[in-house]
Amino acid sequence: ELYASKIASIARDNNVLPLTKKAVAKVIEYCSRIIDNASKLSTNLSKTMDLLQEANFIAKNKDAKYINHTDITSVLNNRVQRSQRIKQEIYDEIKLGTIQIQTTQSAVGQINGLSVLDLGNHSFGTPTKISALTRMGRDGIVDIEREANLSGDIHSKGVMILSSYLASKYSQDFPLSLSATLVFEQSYSMIDGDSASLAELYALLSSISNKPIKQNFAVTGSINQNGDVQAIGGVNEKIEGFFDVCKLKDEDFNAAVIIPKSNVKNLMLKDEIIEASKNHKFKIY
């Protein structure tokens, strides 16, 4: 109630039309979304003010007496459209097959990881194919990104932790005889962060065991030396990025994302995904 009152006072102080109840709810959702937390609200009132002023412009153009929730949604959608040139180019390449992302059938040693591109005023998620090849040998796990100087410090640390976990899990009584290579396919710039270490582990285990992974799944999460799954950042953008790509490749898709349990509190997803989840087209595990 206090937050709704604050929104009303911002509207009044800036000569903005009053908001309907659904519009207030939509603003509150937005204020949770910008801090990636479903149980907290942003105190960045300047962002709220900007949102209301844009919505006010749309509502007044319709000669409306109130700002409704569709006006708020229009503002948010318009912001995405103004900032999505790079996103659109990447998605076009995925649709054409130039960037190879598989969202159907199964494959051994391949998995869809999730990454976020931050453009300053706008960030978006996109899936990345991670592949692993294993063979007999004693080289251990070789991170091709690191060898090519395309890996940041945190990503390198994540692969080292992954190697440590595999060694402690499977070679306590005998040396681990394994040569493996990990790579982010079609990646030509610096990669950082450890949020792909869980997906990398799955790809390695799939390659070692020759067991296929369903490609309509995407995975995000980091692991520690004991194999526990840890929280990651940008969970909403990552889920929405995979959803958008699946829809792009097939309107009648059926897909899922696996996230760390500790990230559930961060979920503030767009309405389209919530609707697809209700219709059992898209699942979040």
Side-chain angles (χ1 to χ4, degrees), residues 86-87 89-119 123-135 139-166 178-208 212-223 229-230 232-235 237-246 248-249 255 257-260:
I86 295 174
K87 173 184 174 181
E89 286 185 8
I90 292 173
Y91 281 18
D92 285 346
E93 294 300 320
I94 291 173
K95 188 174 183 178
L96 290 169
T98 309
I99 297 176
Q100 297 177 4
I101 300 293
Q102 190 176 337
T103 57
T104 57
Q105 301 180 331
S106 300
V108 172
Q110 293 181 25
I111 195 165
N112 289 314
L114 298 170
S115 59
V116 174
L117 292 179
D118 190 350
L119 305 178
S123 58
F124 64 92
T126 179
T128 304
K129 182 190 287 188
I130 298 171
S131 66
L133 287 177
T134 54
R135 53 205 172 275
D139 294 336
I141 298 171
V142 176
D143 176 17
I144 291 179
E145 313 298 332
R146 185 182 178 192
E147 297 298 312
N149 294 321
L150 288 174
S151 171
D153 295 339
I154 298 174
H155 180 258
S156 297
K157 177 185 175 184
V159 175
M160 290 177 186
I161 290 172
L162 167 62
S163 302
S164 175
Y165 165 72
L166 279 175
L178 171 73
S179 287
T181 49
L182 276 170
V183 68
F184 282 66
E185 301 288 359
Q186 293 183 288
S187 168
Y188 308 106
S189 57
M190 185 67 71
I191 288 174
D192 207 359
D194 60 354
S195 63
S197 55
L198 182 62
E200 290 170 328
L201 173 63
Y202 287 161
L204 280 167
L205 294 177
S206 169
S207 180
I208 292 168
I213 293 173
K214 292 179 180 179
Q215 298 299 293
N216 63 331
F217 276 75
V219 178
T220 184
S222 72
I223 62 167
V229 179
Q230 303 170 138
I232 46 83
V235 67
E237 289 83 358
K238 289 175 179 178
I239 292 171
E240 289 171 357
F242 187 61
F243 175 88
D244 289 343
V245 166
C246 290
L248 187 74
K249 292 178 74 70
V257 169
I258 300 174
I259 67 169

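Note that the coordinates shown come from a computational prediction; the quantities given were computed from them, not determined experimentally. Heavy-atom basis, side chains included; hydrogens, waters and symmetry copies ignored.
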When rounded to the nearest 0.5 Å, the distance separating CD1 of Ile223 from OG of Ser197 is 5.0 Å
Supply the atom-to-atom distance Ile130 CD1 to Leu201 CG, rounded to the nearest 0.5 angstrom. 11.0 Å
Taking the side chain as everything from C-beta on, heavy atoms only, tell me whether Gln230 gets closer than 4.5 Å to Leu198. no
Approximate separation, where rounding is to 0.5 Å, of Ser123 OG and Lys238 NZ: 11.0 Å
For the OG atom of Ser106 and the CD1 atom of Ile213, what is their distance to the nearest 0.5 Å? 9.0 Å
Distance-minimising heavy-atom pair for Ile111 and Ala199: CG2-O, 3.4 Å
Taking Thr128 for its side chain and Phe184 for its backbone only, find out whether a donor-acceptor pair lies under 3.5 Å. no
Closer than 3.5 angstrom, by distance alone: can the side chain of Asp194 be matched with the main-chain N or O of Ile154 as a donor-acceptor pair? no
For the pair Ile99 and Lys129, evaluate side chain to side chain contact (heavy atoms under 4.5 Å, CB included) and give the outcome as yes or no after the intermediate values. CA-CA 9 Å; Ile99 297 176; Lys129 182 190 287 188; over 6 Å; no
Sort out for me which residue in Val116, Thr126, Leu117 forms a side-chain contact (heavy atoms from CB on, under 4.5 Å) with Glu237. Val116
Compare every heavy atom of Gly221 with every heavy atom of Ile232, then report the nearest pair and how far apart it is. CG2-CA, 3.8 Å
Given 3.5 Å as the limit, does a donor-acceptor pair link the side chain of Ser207 with the main chain of Ala203, or not? no
In Å and rounded to the nearest 0.5 Å, what is the NZ to CG distance from Lys87 to Asp244? 4.5 Å
Calculate, to the nearest 0.5 Å, the distance between atoms CG and CG belonging to Leu204 and Leu133 respectively. 10.0 Å
Residues, nucleotides or ligands: over 12 heavy atoms within 6.0 Å of Lys157 NZ: no
Quick one: closest heavy-atom pair of Gly241 and Pro127, and the distance? O-CD, 4.0 Å
Just by modelled atom types, is the Gln110 backbone N or O under 3.5 Å from a matching donor or acceptor in the Gln215 side chain? yes
Answer with yes or no whether the side chains of Glu93 and Thr98 bring together a donor and an acceptor at under 3.5 Å. yes
All heavy atoms of Asp192 vs all of His155, minimum pair found to be OD1-N, 3.0 Å
Mind listing the closest non-hydrogen atom pair of Asn112 and Gln102 along with its distance? ND2-O, 3.0 Å
Is Glu89 atom CD crowded by more than 12 heavy atoms from other residues, nucleotides or ligands, each under 6.0 Å away? yes
Heavy-atom donor-acceptor pair, Glu200 side chain to Val159 backbone, under 3.5 Å: no
Heavy atoms of Gly125 and Tyr91 approach each other most closely as O-OH, 2.9 Å
Flag the pair Ser206 / Val108 as yes when at least one side-chain heavy-atom distance between them is below 4.5 Å, and no otherwise. yes
